[in-house]
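Working notes, structure below.
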Amino acid sequence: MLLDVQDVSVQFGGLRALNRVSFGVQEGEIVGLVGPNGAGKSTMVNAVSGALGRHRGRITFAGRDISGLAPSRIAEMGLVRTFQLVQPFRGLTAIECVTLGALYGSGNDRPTSVPAARHLAEQVLDFAGLSAVAGLACDTLNASQRRRLEIARALAARPKLILLDECLSGLNSSEIDQGIALVRAIRERGIAILIIEHMVRVMATLADRIVVLDRGEKIADGPADEVLTDRRALGIYFGTTA
Amino acid sequence: MSSSSRRRLVAGCLSILLGLSTVMPAAAQDMIRFGTALSLTGNLATEGKLVREGYDFFVKTVNERGGMDVAGKKYKVEIVYYDDESNVNTSVKLYEKLISEDKVKFLLGPYGSGITIAVSNLTEQHKLPLVIAHGAASTIYNRGYKYIFGVLNSIDHYTYNMVKMASEQKLTRLALLNENQLFAQLGIDGAARQAKELGVEVVYKEKYSSGTKDLSPELEKMKAAKPDMIIAGGYTNDMILLARQISQVGLKPKLLGYLLGPTLPGFVKSLGADAELTLEPVQWSINVPYKDQIFGWTARGYADAFQKVYGHVPDYHPIQSTAALQVYYNAFQKVGGFDPQKVRDAIAETDIVTAYGPIRFNDKGQNIAKSMSVVQIQDGKPVVVYPADVAETKLKLNP
Amino acid sequence: MLSVRGLSAGYGGLMAIRSLDLEVKAGEWLALMGPVGAGKSTLLGGLAGLVAARQGEIRLDGEDIRLLPPHRRLRRGIALVPEGRRLFSGMTVRENLMAGTHALADPGMRRRNLDRVCELFPVLAERARQIAGTLSGGEQQMCAIGRALMASPRLLMIDEVTLGLAPLVVESLFAALAELHRQGMTLLTVEQNVPLVLAHADRGCVLSGGAIVLEGPAGVLRDDPDLPRHFIG
Amino acid sequence: MQLVAQIVLNGVLLGGFYACMALGFSIVWGVMNVVNLAYGSMIMIGAYVTQMAVLQLGLPLAAALPLAALATFTMGYVLQRALLNRLAERSVFMTLIFTFGLNMALINLNLILFSADVRSLPDVFGRASFTIAGLSVPYGRATIFAVAMAMTLGLHALLNWTPLGNAIKATSFDPDAARLSGIDVPHVYALTFAIGGAIAGVTGALVATSYSFSPLAGESYTMKAFVVVVLGGLGSIPGAIIGGMLLGIVENLASLFLDSGYRDAVGFTLLLLVLILRPRGLMGRRFFAEVKG
Amino acid sequence: MAASTLRARWGSGPWAGTLRSAAIGCVLMAILMVLPSFLSLYWLRLLTSVLMLAVIAQGMNAMAGFVGYPAFGNVVFFGIGAYGTALAIAAGFALGPALLFGAIPAGGLALAVGPLLLRLRGHYFAIATLGLNEVVSALAANLSGLTGGAAGLSLPLGAGTAGDAAQRAYVGFATLFAASLLLGIFLRDSRFGYGCRAIRSNEEAAEATGVPTLRVKSIAWMLSALLTAVAGGLYARWVGFIEPSLVFDMAISVKAFVMFLLGGAGTVFGPLIGALLIESATTLAWSHLLKLHLLVLGVTIMLVVLLLPDGAQGFVARHWPTVRDRLRRRS
């Protein structure tokens with residue numbers, strides 16, 4: 001198991017955002033994390049990536065306990081996340097954003113110099129179909145380009161596992177198709193992916209396994225096709241469980 | 001292109017770059033120029049204005065008489081002023097401008113001790129005389145510099161007469177308090193030394209941070225030490241606060257002296273009763289018994305003439321400025337010309353009497369010929385009470 | 001009552017709404033639905049004046065209000081209960097409610113509106129002196145709706161009223177909205193819980209990718225087998 | 001013991017003055033996230049207006065005080081409405097630098113109008129003092145303390161019991177939600193700045209009666225306000241009082257037990273400690289604004 | 001194809017920006033090397049102080065511009081540098097080693113308090129640094145046994161004429177200025193620099209991307225402290241007299257802040273541009289507007305903030321394309 005989340009609970013004041021949630025991600029696997037707004041998906045991402053600081057339970061990555069480590073340490077170990085925010089690095093150009101990912105990010109075969117990192121960034125931008133906008137400031141890109149840029153930045157960090165936090169939301173249908181193709185291409189490089197997304201279609205086409213959260217509880221976990229035909233899991237989108 | 005014209009070109013370009021025009025008024029033929037940078041706008045602007053009036057008064061007086069009379073020729077006098085914002089860096093920069101751009105050979109000191117020290121480093125390197133009218137810190141003079149001369153008594157003499165008065169009045173317990181700032185520190189340290197010399201016991205000595213809004217802890221401690229006399233040093237803001245709090249705290253010293261304050265505008269007006277009977281050492285007072293050997297006026301004569309021009313009675317600031325220029329005038333006459341090195345040597349040999357007082361320099365450049373008078377506020381007016389030969393009236397002790 | 005033509009709105013360079021047309025009739029309850037990121041919140045923000053509307057027109061009773069600041073729009077009767085409630089969390093419930101009255105032309109309305117809100121949500125009267133940040137989720141939502149009602153709006157827009165709330169609370173909130181609707185309030189709500197909202201609303205609109213992709217009477221939409229497809233994407 | 005008690009009492013009196021002075025600074029910072037470096041100059045303007053009203057118009061002090069407040073209130077409103085509101089969306093550095101420039105301009109204007117002379121109003125209270133439990137309290141200081149407390153209570157009442165206060169608090173918590181609640185945010189910002197200005201004006205009047213002032217003396221007041229606000233907690237009224245008292249007492253005790261030269265150093269060390277250990281300040285719960293970046 | 005189109009789009013090669021800056025820097029330094037022989041001592045002094053201010057502004061820029069932490073009290077390092085150096089000179093050290101006595105304590109202080117203070121953001125960090133300055137300056141004013149206290153420290157005059165002294169100061173500051181340009185380039189183009197800018201842009205995202213933010217911030221502050229401290233040391237030697245209120249003067253920091261903002265935050269040459277603009281404005285103001293210079297300067301600052309939010313460089317960058325197009329159309 002590459003990522004192993006065991007009995008993780010998170011409490012915000014009186015609100016229990018996650019309640020003893022466990023799941024795992026195997027090497028090279030795509031796992032979908034779904035659930036309505038407020039289900040605890042982002043809290044889970046923050047807990048895994050270290051942004052949250054404290055949580056109960058145990059999270060191991062590549063065999064090491066990463067609970068309580070600084071986010072930068074976790075990233076260095078090869079667990080890199082994208083941001084739901086549309087533009088985390090305002091003021092940097094696209095190529096700079098990706099170069100940043102290449103320069104820091106995971107510790108394995110890190111480029112030894114800035115030019116080498118830029119070279120890698122160029123390749124990754126090309127891979128993500130962003131060559132044409134490399135020199136533009138992040139905030140001038142359109143939604144689809146920004147989402148792909150986030151993925152490119154994560155990819156340039158040479159991770160073992162990428163956390164994709166709603167990287168396709170707000171896109172139109174053809175842009176989503178491009179995004180799906182990109183995620184697939186990443187998986188073909190042998191990188192495991194934990195993808196957080198609302199759109200069932202995306203999950204159906206991408207994920208090997210799906211974990212469903214609702215109000216902090218895990219309510220389903222299994223192969224994608226099984227979960228997607230489960231009325232109860234799907235029902236949370238239409239409020240039938242309400 | 002000749003090197004000098006190229007040089008002018010570059011300087012010109014740079015001056016445009018720096019937004020400054022180097023166009024100078026062409027020096028008139030028979031014109032002698034002095035230069036100084038004063039605090040015209042900074043936190044010492046009040047003093048700066050008085051200083052400038054003294055210089056201007058000399059210029060006006062001399063020019064009305066046709067100019068300086070040197071080797072049988074008349075030279076009009078002009079002073080190049082700059083505003084140093086009471087800022088050391090600006091001041092040094094401006095003196096460099098006076099020296100290397102305006103080609104001023106004869107420099108008058110700035111106002112304030114710290115600034116004077118920094119400026120004198122520059123003038124010393126340029127080997128140009130700097131006659132200081134308003135830099136009292138002893139640290140200015142004890143660095144072995146050859147080109148600086150101060151017409152005033154330096155700070156370590158300020159309190160001498162006050163301490164002496166105390167010992168004559170049989171006041172044996174002295175409390176000292178100063179702002180943690182150069183001028184006040186040196187002045188009060190001087191008082192402590194003199195007290196030891198004159199057998200007065202220092203029962204309290206402390207410093208406070210500038211800008212303090214409450215001096216009661218210091219004053220309570222001071223009160224506990226039961227002093228007969230207090231001498232305090234700091235800038236006017238703090239001294240006004242101190243004066244108010246001394247009475248609030250219930251301290252009743254027989255004598256209360258300030259390094260600076262009572263004679264400055266605003267002090268008496270703001271304090272009223274609390275200013276009464278306070279003492280301040282002054283470099284000069286209207287009663288000093290000297291007759292000016294250059295202009296022929298007495299101290300009172302100076303004051304009257306001054307008042308006609310500026311509408312107020314001069315304190316010691318203006319006449320100190322005037323005296324500095326008189327030192328130069330005297331030296332020019334002795335040299336019969338304007339060679340800065342010869343002028344410097346002549347200044348070192350100065351031995352004149354002015355309405356300000358006698359002026360004679362020791363080898364550090366300090367004026368050792370005169371001493372300070374002590375002024376007391378009586379019925380809201382400053383009157384000289386010490387030493388006896390210049391006193392207008394008798395010293396009054398607080399009951 | 002409200003007529004939107006060719007509206008484009010968004011943050012920075014990002015247009016979440018692209019030349020959208022929308023009509024809200026007086027007294028109706030229009031439900032906006034759609035997947036996350038479809039532009040529903042941006043639309044409401046654009047109508048309330050919080051989000052810059054770059055192009056198009058927003059006509060309220062025929063008058064274009066696109067360039068008015070939010071407080072002016074509120075004065076003309078458009079109120080928004082924003083997503084996440086956005087209460088003034090350190091102030092009391094009563095202070096929060098009173099904060100809604102700044103756009104009232106007639107101060108005498110304060111009292112009357114307060115009574116009306118307390119009648120609709122009696123719990124708010126009980127909690128009047130409690131700090132808003134310490135209320136439960138449902139009570140906070142009531143407080144937020146109450147605050148908007150304090151301005152005597154004619155069009156009440158509510159963004160995600162059920163977010164993160166327990167089913168019972170959701171039902172009571174919807175009951176309150178239904179009551180408002182019955183009293184003649186025009187409602188424009190954004191809601192995730194599709195079956196629930198379609199059970200109450202008069203009409204529904206499905207937004208996707210910043211444009212309306214499906215529109216019709218609530219009853220028709222409810223039975224539309226195509227509806228889930230728009231959410232799955 | 002008597003001495004220490006007296007010094008602590010003096011510290012409390014001084015602290016009341018500090019609190020009063022910091023209130024206006026605090027409310028502007030708390031509501032708008034603007035650190036007004038020209039605050040001290042506004043205090044000085046209040047002092048000059050008071051002095052002119054008393055000496056030139058012959059008004060009694062009680063009448064000069066509201067006049068000073070009115071002058072700085074108007075000034076504050078115009079400044080915020082015309083200039084500072086334009087910077088509302090910009091980074092915090094920008095407003096900081098802007099108010100720094102404003103301060104320079106105001107100092108220069110004051111120098112031109114009033115010269116660099118140190119001024120002060122003749123002390124109304126003089127040496128008179130009364131005694132409580134063997135400790136002496138000068139009337140002057142007691143009056144300042146009373147005015148400071150009255151202002152604090154007044155501001156408290158304004159914020160909690162009036163529609164304007166409601167709007168100010170709402171805006172400070174969430175400007176967007178305030179806009180949605182029908183609050184004209186730029187206007188509220190301007191009024192907040194104006195209220196801060198009025199407090200500076202009253203402080204200036206107090207300075208004129210009991211301290212001395214000059215165009216350049218304003219900066220030390222800005223610095224003190226800074227320390228008090230950070231100690232007590234941004235935008236918190238009880239915080240300003242507690243911060244002010246704490247600073248007054250600690251400074252005075254430091255002067256008593258250490259060399260008085262360390263007075264400021266002790267104040268600032270306290271500031272550093274509070275920043276490191278409790279960045280929200282002593283009373284800074286979620287009162288006005290959260291700690292904004 | 002990708003790489004080549006990329007190159008075509010944003011210059012030639014990954015070091016293009018660095019090389020361009022280095023080239024500009026070399027030209028600048030060459031100009032600075034020949035300039036003194038054409039200048040009177042006054043202009044030389046002005047230029048020296050422009051260089052000094054540019055260096056201090058670069059120190060500020062390093063923290064506030066590149067990392068986004070407004071180190072308002074950075075002047076504390078200037079003061080420490082000045083005192084450390086002056087005391088070492090007074091103890092008989094030559095200027096070179098004496099500078100270390102200023103720089104090392106300054107850098108050490110930044111490293112020591114950095115991890116504590118750099119957890120604060122925005123105004124809070126600014127105030128904390130201000131407090132640090134006040135505390136250190138009060139120590140300098142009160143430890144009179146060591147520092148001479150309020151009476152200040154006077155250094156013996158260096159050998160030679162005024163011209164020699166001016167030249168020495170100029171060369172010192174010009175060298176330090178070159179170092180400050182290198183620091184600027186380092187902070188812009190190195191891996192470390194990428195980390196800094198990521199922090200400025202979004203600290204949480206930077207941390208999640210793998211930037212050890214606290215360490216990067218602390219080191220950046222140390223570099224800023226070193227630069228500022230050496231400037232302080234050279235200043236002490238240049239002026240020959242220091243006192244606490246002179247070298248711990250907040251106005252120095254604020255001026256530096258205005259300068260780098262004016263020139264362009266987070267740029268290599270911004271501080272120099274800002275120092276040139278402000279110094280010429282000040283020079284202009286006091287020679288022609290004796291009584292109004294503070295007003296002029298203050299209003300200038302206000303206008304800059306209102307009208308040039310991204311500094312002179314940003315202003316040019318924003319408007320140059322339209323100007324260029326207009327020029328092209330005309331020709």
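Order of the sequence lines sets the chain letters (A, B, ...), proteins ahead of strands, with each chain counted from 1.
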key: Residue A99(C) versus chain D: region with a heavy atom under 4.5 Å   = both

Part of R85(C) lying under 4.5 Å from any heavy atom of chain D = neither

query = Of all the residues in residues 126-140 of chain C, which have a heavy atom that comes within less than 4.5 Å of a heavy atom in chain D?
reply = none

inquiry  = If we count only N and O atoms by modelled type, under 3.5 Å, do the side chains of S41(D) and N103(D) hold a donor and an acceptor together?
reply    = yes

request  = Sort and list the pairs that fulfil side chain to side chain donor-acceptor pair (under 3.5 Å) and have at least one residue in residues 67-81 of chain C, not counting sequence neighbours.
outcome  = E63(C)-R76(C)

Criterion salt bridge (charged side-chain N to carboxylate O under 4.0 Å, His left out) on R179(D) and D176(D), from CA distance to verdict = CA-CA 5 Å; R179(D) 289 163 72 196; D176(D) 277 347; 3.2 Å; yes

task = Give a yes or no on whether the ring-centroid distance for Y39(D) and Y221(D) is below 6.0 angstrom.
result = no

ask   = Parallel, tilted or perpendicular: which fits the ring planes of F88(C) and F173(D), with parallel below 30° and perpendicular above 60°?
value = tilted

note = Among G49(C), P70(C), P82(C), the residue with the most heavy-atom pairs under 4.5 Å to chain D is P70(C)

query = Can you find a pair of side-chain heavy atoms, one from E57(C) and one from R5(C), that are under 4.5 Å apart?
reply = yes

ask   = Between D202(C) and W29(C), is there a donor-acceptor pair closer than 3.5 Å when you use the side chain of the first and the backbone of the second?
value = yes

